[in-house]
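Since the structure comes first, as structure tokens, the remarks are kept for the end.
Note that the structure is predicted; figures quoted are calculated from it, not measured.
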Protein chains: 2
Amino acid sequence: MNGKQRMVEQSKQWLCDALINLMTKENFQDISITEIAQTAELSRKTFYHSFKNKEAVINYLCDQLFDQYFEQLLQQKPQVGEMMLKTTFDIFLNFWWQKRDLIQLLIRQGLFDHMNEIWQQKAIPRYQQFAAPWHVQGTPTQVNYVMAFQLGGFTNILRVWLGQDQPEPPEQIKDLMLLAAQQLADSLNTN
Amino acid sequence: MNGKQRMVEQSKQWLCDALINLMTKENFQDISITEIAQTAELSRKTFYHSFKNKEAVINYLCDQLFDQYFEQLLQQKPQVGEMMLKTTFDIFLNFWWQKRDLIQLLIRQGLFDHMNEIWQQKAIPRYQQFAAPWHVQGTPTQVNYVMAFQLGGFTNILRVWLGQDQPEPPEQIKDLMLLAAQQLADSLNTN
DNA sequence: ATACAAAGGAAACATTTGTTACCTTTGTTT
DNA sequence: AAACAAAGGTAACAAATGTTTCCTTTGTAT
């Protein structure tokens with residue numbers, strides 16, 4: 001990354017930070033571009049040079065979050081076989097526990113689904129080149145749906161978990177998630 | 001419902017229809033309130049009387065969809081025990097298959113998560129007074145997470161399914177969903 | 001070192017948004 | 001039937017949005 005690009009990225013980051021900062025005090029809807037630019041000590045022109053609108057800032061933020069998550073997942077690459085689901089849960093829960101302040105802010109501002117949209121769009125292609133718990137056998141279509149189901153389940157647990165004012169520590173949620181998966185499995189076995 | 005209320009509901013419905021109509025031709029972001037009002041042959045004043053903004057129209061629409069779904073679910077109330085999960089899948093898939101044109105429109109316009117948000121918020125309290133497949137034993141917290149997981153899974157399958165130009169017929173998806181649940185169950189049993 | 005391209009600032013601009021004031025129409029109540 | 005309240009229409013309004021013009025600054029390339 002050269003100096004020019006770094007300059008742009010820096011501006012984007014400042015605008016992001018400004019928006020997050022404002023969101024702790026004010027409703028997302030009521031925050032104006034002028035306000036964001038002023039807080040970031042940049043001109044409105046620079047805002048519109050960096051982003052299309054307010055939502056695009058959230059997109060950028062979520063993109064970054066997602067990339068961080070995937071980086072961490074690749075480092076601690078869960079091994080296929082036993083414990084894989086548990087390890088994946090662990091990485092998932094610990095990552096989002098670290099980011100809980102930001103996520104709670106997004107949830108309170110009604111922007112969680114915005115994140116979810118980006119998450120789902122980026123996750124599906126990425127997981128296709130990666131051994132995930134749902135990567136068992138099956139046609140590509142089957143894998144896709146199995147993945148969608150589990151990914152949706154994970155994300156929604158995240159929503160419920162961090163949507164609370166005082167979320168439980170990640171270890172407790174891990175047990176609850178295992179129970180959730182187990183109960184689903186049981187409801188199949190009664191047929 | 002008296003005539004006055006009916007009048008308001010009628011206006012809301014016309015505005016809804018107008019927005020849906022415009023969304024088939026134009027990007028949601030680019031549709032102005034003026035345009036919606038003109039298409040509905042009502043004044044901007046009436047729009048602002050009925051809704052806070054464009055998003056509120058989508059909320060209203062999604063509220064209606066949700067209520068319709070739940071009505072159908074209560075009519076065909078799946079019985080606890082065997083086949084419950086399958087019956088629930090059936091109702092779910094057939095309902096959304098009927099509504100696929102609208103859902104596909106929402107997905108293409110990036111409004112699926114908007115629907116998801118409303119869905120999740122309304123579903124969790126409702127399902128608490130209703131025997132659902134995840135209503136097995138456990139503390140309220142446990143039931144809540146089990147429910148969140150499955151609900152998120154269902155919704156995300158819906159996204160992937162109807163996000164396609166030519167979605168498979170519901171029967172095929174039902175098999176895929178059962179497979180998804182089964183594979184999750186299997187990945188637990190290998191531990 | 002100079003020329004060049006990309007980024008930022010200032011300010012003006014048309015549009016859109018959300019709100020308001022005033023008036024007319026319509027359904028409800030007594 | 002008369003009075004009233006709620007809804008719709010017209011038109012004006014301030015504020016915010018998104019775009020443009022012109023100019024300055026700052027890295028990059030030759």
Worksheet item: Which residue, A/V8 or B/I31, contacts DNA chain C at a nucleotide closer to its 5' end, judged by nearest heavy atom?
Response: A/V8

So, [X] versus [Y]: side-chain donor-acceptor pair below 3.5 Å or not?
X      : Y      : value
A/Q29  : B/E55  : no
B/N116 : B/Q120 : yes
A/Q64  : A/Q13  : yes

Please state how far atom [atom1] in [X] lies from atom [atom2] in [N], giving the value in whole angstrom units.
X     : N      : atom1 : atom2 : value
A/I33 : C/dG8  : CD1   : C1'   : 17 Å
B/E41 : D/dG8  : CD    : C1'   : 14 Å
B/I36 : C/dG18 : CD1   : C1'   : 14 Å
A/Q5  : C/dG8  : CD    : P     : 13 Å
A/N53 : D/dT19 : CG    : P     : 9 Å
B/L42 : D/dA7  : CG    : P     : 14 Å
B/D30 : C/dT17 : CG    : P     : 10 Å
B/Y48 : D/dA11 : OH    : C1'   : 15 Å

Worksheet item: Measuring from A/T155:OG1 to A/W96:CH2, what's the distance to the nearest 0.5 Å?
Response: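 Between atom OG1 of A/T155 and atom CH2 of A/W96 there are 9.0 Å.
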
Worksheet item: If you take all heavy atoms of B/G152 and A/N156, which pair is closest and at what distance?
Response: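 For B/G152 and A/N156, the tightest heavy-atom pair comes out as N-ND2, 3.5 Å.
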
Worksheet item: Does a side-chain N-to-carboxylate-O contact under 4.0 Å join A/R126 and A/D67?
Response: yes

Response to the item:
Heavy-atom contacts, protein to nucleotides 20-30 of chain C, under 4.0 Å, summarised as B (base), S (sugar-phosphate only) or - (none) per nt, yield BB----BSS--

Item to complete: Answer with base, sugar-phosphate or nothing: what part of the nucleic acid does A/S32 contact at a heavy-atom distance below 4.0 Å?
Response: sugar-phosphate

Discussion item. Under 4.0 Å from OP1 or OP2 of D/dA7: is there any side-chain N or O of B/T46 that close?
Written reply: no

Practice prompt. Look at the side-chain N and O atoms of A/S11 and state whether any lies under 4.0 Å from the OP1 or OP2 oxygen of C/dA7.
Written response: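 So the side-chain polar atoms of A/S11 never come under 4.0 Å of the phosphate oxygens OP1 or OP2 of C/dA7.
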
Practice prompt. Please work out which of the three classes, parallel, tilted or perpendicular, describes the rings of A/F149 and B/F149, given edges at 30° and 60°.
Written response: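 Plane angle over 60°, so perpendicular.
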
Worksheet item: Counting only distance, no hydrogens or angles, is the base of C/dG9 paired donor-acceptor with the side chain of A/R44 under 3.5 Å?
Response: no

